[in-house]
Q: 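Structure incoming, see below.
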Amino acid sequence: MALRMSTLFLRTLRENPADAEVPSHQLLVRAGYIRRASPGIYTWLPLGLRVMRNVETIVREEMDAIGAQELLFPALLPREPYEASGRWTDYGDNLFRLTDRKGADMLLGPTHEEMFTLTVKDLYSSYKDLPLAIYQIQTKYRDEARPRAGILRGREFIMKDSYSFDIDAAGLDRSYQLHREAYVKIFDRLGFDYVIVQAMSGAMGGSRSEEFLATATNGEDTYVRCGQCGYAANVEAVRVPAPAPAALDGLPAAHVEDTPDTPTIDTLVAHANAAVPRADGRAWTGADTLKNVVVTLVHPDGTREPLAIGLPGDREVDEKRLGAQVEPARVEAFEEKDFAAYPTLAKGYIGPGALGLEGTAAIRYLLDPRVVEGTAWITGANEPGRHVFDLVAGRDFVGDGVIEAAEVRDGDPCPTCGHGLESARGIEMGHIFQLGTKYAEALGLKVLDEHGKLQTVTMGSYGVGVSRAVACVAEGNHDEFGLVWPRAISPADVHVVVAAKDAATHAYADELTVALEAAGLEVLLDDRAQASPGVKFKDAELIGVPTIVVVGRGLAAGEIEIKDRRSGERRAVPVAEAVAEIVAEVAG
RNA sequence: CGGGGUAUGGCGCAGUUUGGUAGCGCGUCCGCUUUGGGAGCGGAAGGCCGCCGGUUCAAGUCCGGCUACCCCGACCA
């Protein structure tokens, strides 16, 4: 049945809503696709729901094509499985929690690893049942601290999540690859520019993880890309190429110098160049200094742990990168009262001597990958106004490990080819992830192998933000007049505008609509009697169906008009050829 | 959680400085006219001016407190 504007549950707005900033949010509200119900929670009106259903269909078709089977878990879940996996606490305040009438703790599912894992455990027990891929398209709930940008980041959203179950790593690789190929097809069909980037694989088990980012200047994720070899990674996951270790022989001995009033890298470099010039005549730079930053980690159980990070002084700690490394712990600033608890830390003059689990302050000390054996540094001497020069890594100090927490800059060398990296922003649309045995182990998912021995199942996790995709496509497909949907997810194939009020024109438009539907097209028919042609044209442009057909004054001459929403091109077509021409236009 | 901003018919806004009958545009309803680029004329409905308290003869407006929402950051598919 055609959607008739005369009865469609729709009200377009002439002006942008005051609470919307990003184009997708403004246009989806203005054009009558969504309404805000509560912060980060939206009602899907008929047009919006049709678009989302179209996205779901694409996702469903590609999932089914790789043999994944659809099921549906409840959104309202018991606490126990999340307690078992540790996420009842790990998720913190982002979990929507509630209590039933008996006082039992429940939650609204933020994602369903536990339920998938437990259900497979419930039903399967043999390697012969594997591999298995199952998925659902479902509403998820996360109590985001700050929902934003309309449906780009909501507290309730629709997500397709799937999981693969394999007996071994080789199987996981195959399942992962199948999903990867399916995702490429999904995002190609959805109609926006995207890039596949390496992502954080998480703290446990995972070995491979990639994100599908829609390129968008106002995106929340920053990624880097190498124009030479094609390497691309979320900035959180960028691996800094470590220089080769240098020999320790013949390096000058470390020496402590007075460096009064040099609590910052800039003041230190200036002082060093004036008072302790380099033997080779080159000037000291921030990159010759080793900056030691102390932060506080707050673990999910509430315990606090100081952490020191040693990195070249010309770089800041990137809080997102650091946060991704220490997850699920949270990073907080190391404050004055914390310094008071560690009297051997001289603020502004902290050096490796005080750090490390063997150091005087006994704080865990992790080093930037650039700080390899044989590199010499200017760094704090752990007393106010004093620094150590020629302090050599591997000879004079060692860290407790390596951490990727330093900021990444445009022009930094690509980890695979050395060419300069460039950064850009994107919106995370999909994430594929080799989970490994994290959840299978936590929840006891094992099957018997061909030798009759129990094996822990290895899992992959794969998500697509379905509702986010609607916003994301809108974000990338609009102009000054309104939305411009890609054909694959447009709420209709063709928007027929009746630009006249006489009965004959309306009757013809009805006939045309019936004929187009018989030809397999979905039609949005603007049959409103009272609206002027101008209003109808404006609404058609705002709503954004890619093909607009105008039935109006040309009808007297036996013609209708076909307009391409994206290019604005229009052409007159004889009535006799109208259906064929429109079908051809929609077919592309 | 830190910073900034906003709150007045369905939507967008003015009015608050200087207290005195709550306004404008759009939308909605009725009538007539009008139909190729957000029509015209006439009429109408619709408001606890975010909430609570205070000052005052009188508060949308002044004072105190609170709440909600939006944006930036922290945080996060």
Side-chain angles (χ1 to χ4, degrees), chain A residues 11-22 25-26 29-30 32 35-40 90-95 109-113 138-161 199-200 202 209 211-213 218 220-221 234 236 298 319-320 322-324 327-333 427-433 461-469 472 481-482 497-502 505-506 526 528-542 548 550-556 560-561 563 568 570 572:
Chain A
R11 183 106 310 148
T12 58
L13 303 177
R14 200 154 166 173
E15 290 159 292
N16 281 324
D19 61 359
E21 296 257 320
V22 299
H25 186 196
Q26 293 175 333
V29 173
R30 265 189 70 198
R35 299 291 297 177
R36 194 184 73 95
S38 159
D90 285 359
Y91 244 101
D93 289 339
N94 275 12
L95 205 56
T111 165
H112 283 68
E113 280 81 356
Q138 197 221 26
T139 307
K140 307 291 186 191
Y141 297 88
R142 296 184 193 176
D143 194 1
E144 296 278 350
R146 188 158 91 80
R148 70 185 82 182
I151 51 177
L152 272 175
R153 171 165 299 281
R155 296 192 296 168
E156 177 184 286
F157 56 97
I158 308 281
M159 175 166 149
K160 186 286 296 180
D161 52 331
M200 288 299 295
S209 170
E211 288 170 344
F212 290 69
L213 300 182
N218 57 359
E220 293 186 282
D221 289 273
N234 191 302
E236 292 171 8
V298 183
E319 292 182 31
K320 286 203 173 188
L322 174 59
E327 206 193 356
R330 208 174 67 242
V331 176
E332 283 188 7
I427 300 167
E428 183 180 355
M429 292 310 314
H431 194 168
I432 55 178
F433 186 0
S461 144
Y462 318 89
V464 173
V466 171
S467 49
R468 176 179 282 181
C472 198
F481 304 113
V497 172
V498 185
K501 69 166 183 175
D502 61 285
T505 307
H506 276 268
D526 196 345
R528 290 176 293 178
Q530 69 288 357
S532 70
V535 168
K536 292 179 179 177
F537 294 144
K538 292 288 185 193
D539 275 346
E541 280 151 4
L542 181 60
I548 298 168
V550 181
V551 177
R553 66 182 177 201
L555 201 57
I560 56 130
E561 191 175 290
K563 178 176 172 181
R570 52 174 89 180

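Because the structure is predicted, anything quoted here is derived from the model rather than measured. The chains referred to below are lettered A, B, ... by the order of the sequence lines, with proteins before strands, and numbering in each begins at 1.
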Q: Across all strands, who's sitting opposite B:C62 as a Watson-Crick or G-U wobble pair, both distances under 3.5 Å?
A: B:G54

Q: What distance do A:C472 atom SG and A:E428 atom CD have between them, rounded to the nearest 0.5 Å?
A: 11.0 Å

Q: Rounded to the nearest 0.5 Å, how far does OG1 of A:T139 lie from CD1 of A:I158?
A: 3.5 Å

Q: When the P atoms of B:C48 and B:G9 are considered, how many whole Å apart are they?
A: 8 Å

Q: In the structure shown, which nucleotide is the Watson-Crick or G-U wobble counterpart of B:G27, with both distances under 3.5 Å?
A: none

Q: Please figure out whether A:V551 or A:G465 has its closest RNA chain B nucleotide nearer the 5' end.
A: A:V551

Q: Figure out the CD/P separation between A:E220 and B:A74, and round it to whole Å.
A: 11 Å

Q: Mind calculating the distance between NZ (A:K536) and P (B:A39) to the nearest angstrom?
A: 12 Å

Q: Within the structure shown, what part of the strands sits under 4.0 Å from A:E211 by heavy-atom distance: base, sugar-phosphate, or nothing?
A: nothing

Q: What is the separation between atom CD on A:E21 and atom P on B:G73, rounded to the nearest whole Å?
A: 12 Å

Q: Taking atom C1' in both B:A45 and B:C1, what distance in whole Å separates the two?
A: 46 Å

Q: Whom does B:C32 pair with, Watson-Crick or G-U wobble, provided both distances fall under 3.5 Å?
A: B:G40

Q: Side-chain N or O of A:S532 less than 4.0 angstrom from OP1 or OP2 on B:U35?
A: no

Q: Looking at B:C26, B:G36, B:U34, which one has an atom nearest to any side-chain atom of A:K501?
A: B:U34

Q: In whole angstroms, how far is the P atom of B:C70 from the CG atom of A:N16?
A: 16 Å

Q: Which nucleotide sits closest to the side chain of A:R153: B:A39, B:G37, B:C76?
A: B:C76

Q: In whole Å, what separates the C1' atom of B:G60 from that of B:C49?
A: 4 Å

Q: Roughly how far, to the nearest 0.5 Å, is OG1 of A:T12 from CG of A:L542?
A: 6.0 Å

Q: Rounding to the closest angstrom, what is the interatomic distance between B:U6 and B:A14 at atom C1'?
A: 15 Å

Q: Contact class for A:K563 (heavy atom, under 4.0 Å): base, sugar-phosphate, or nothing?
A: base

Q: Determine whether a donor-acceptor pair (N or O, by modelled atom type, separation under 3.5 Å) exists between the side chain of A:Q26 and the backbone of A:A20.
A: yes

Q: Expressed as a whole number of Å, how far does the P atom of B:C69 sit from that of B:C32?
A: 46 Å

Q: Mind checking the P distance from B:G64 to B:G46? Whole angstroms is fine.
A: 36 Å

Q: Examine distances only and state if a side-chain atom of A:R155 and a backbone atom of A:P39 form a donor-acceptor pair shorter than 3.5 Å.
A: yes

Q: Where the side chain of A:R146 is concerned, which of B:G27, B:G36, B:C71 is the nearest nucleotide?
A: B:C71

Q: If you assign each of A:N94 and A:A149 to its closest nucleotide in RNA chain B, which residue comes earlier from the 5' end?
A: A:A149

Q: Looking at A:K536 and A:V498, would you say the former's side chain and the latter's main chain have a donor-acceptor pair under 3.5 Å?
A: yes

Q: Please state the P separation for the pair B:G15 and B:G2 - nearest whole angstrom.
A: 31 Å

Q: How is A:V497 classified with respect to the nucleic acid when contacts are heavy atoms under 4.0 Å: base, sugar-phosphate, or nothing?
A: nothing

Q: Got a donor-acceptor contact below 3.5 angstrom from the A:H506 side chain to the A:R528 backbone?
A: no

Q: Base, sugar-phosphate, or nothing: which does A:R36 touch, judged by heavy atoms less than 4.0 Å apart?
A: sugar-phosphate

Q: Counting side-chain heavy atoms from C-beta on, which of B:G37, B:C70, B:G36 comes nearest to A:A499?
A: B:G36

Q: Quick one: the side chain of A:D539 and the base of B:G38, do they pair up donor-acceptor inside 3.5 Å?
A: yes

Q: Considering only B:G36, B:G12, B:G38, which nucleotide approaches the side chain of A:R14 most closely?
A: B:G38

Q: Mind checking A:G463 for me? I need base, sugar-phosphate or nothing, with any heavy atom below 4.0 Å counting as a touch.
A: nothing

Q: Quickly work out the A:F157 CZ to B:C76 P distance and round it to whole Å.
A: 14 Å

Q: May I ask you to evaluate whether A:R30 reaches the phosphate of B:G12, defined as a side-chain N or O under 4.0 Å from OP1 or OP2?
A: no

Q: Give one of base, sugar-phosphate or nothing for A:E144, where a contact means two heavy atoms less than 4.0 Å apart.
A: base

Q: For A:Q530 and B:G38, what is the distance between atoms CD and C1' respectively, to the nearest whole Å?
A: 14 Å

Q: Hunt down the Watson-Crick or G-U wobble partner of B:C69, both distances under 3.5 Å, from any strand shown, or write none.
A: B:G5

Q: Can you tell me the distance, in whole Å, between the CG atom of A:D221 and the C1' atom of B:C75?
A: 13 Å

Q: Just call it for A:G430: base, sugar-phosphate, or nothing, with non-hydrogen atoms closer than 4.0 Å on any strand.
A: nothing

Q: Say whether, by atom type as modelled, one donor and one acceptor occur between the side chain of A:R468 and the main chain of A:L152 under 3.5 angstrom.
A: yes

Q: Base, sugar-phosphate or nothing for A:E541? Non-hydrogen atoms, less than 4.0 Å.
A: base

Q: Among B:C70, B:G12, B:U35, which nucleotide has an atom closest to any side-chain atom of A:E15?
A: B:G12

Q: Could you check whether A:A531 gets within reach of a base, just the sugar-phosphate, or nothing at all, counting any heavy atom under 4.0 Å?
A: base

Q: Side chain of A:P533, heavy atoms from C-beta onward: which of B:C76, B:U28, B:U35 has the nearest atom to it?
A: B:U35

Q: Look at the side chain of A:K538 and decide which nucleotide, out of B:G36, B:C11, B:G38, has an atom nearest to it.
A: B:G38

Q: Should B:G47 form a Watson-Crick or G-U wobble pair with both distances under 3.5 Å, which nucleotide is its partner?
A: none

Q: What is the distance, rounded to the nearest whole Å, between atom CZ of A:R11 and atom C1' of B:U28?
A: 8 Å

Q: Rounded to whole angstrom, note down the C1' distance from B:G19 over to B:G38.
A: 40 Å

Q: Find out whether A:M159 and A:H112 are in side-chain contact, i.e. whether some heavy atom of one side chain is under 4.5 Å from a heavy atom of the other.
A: no

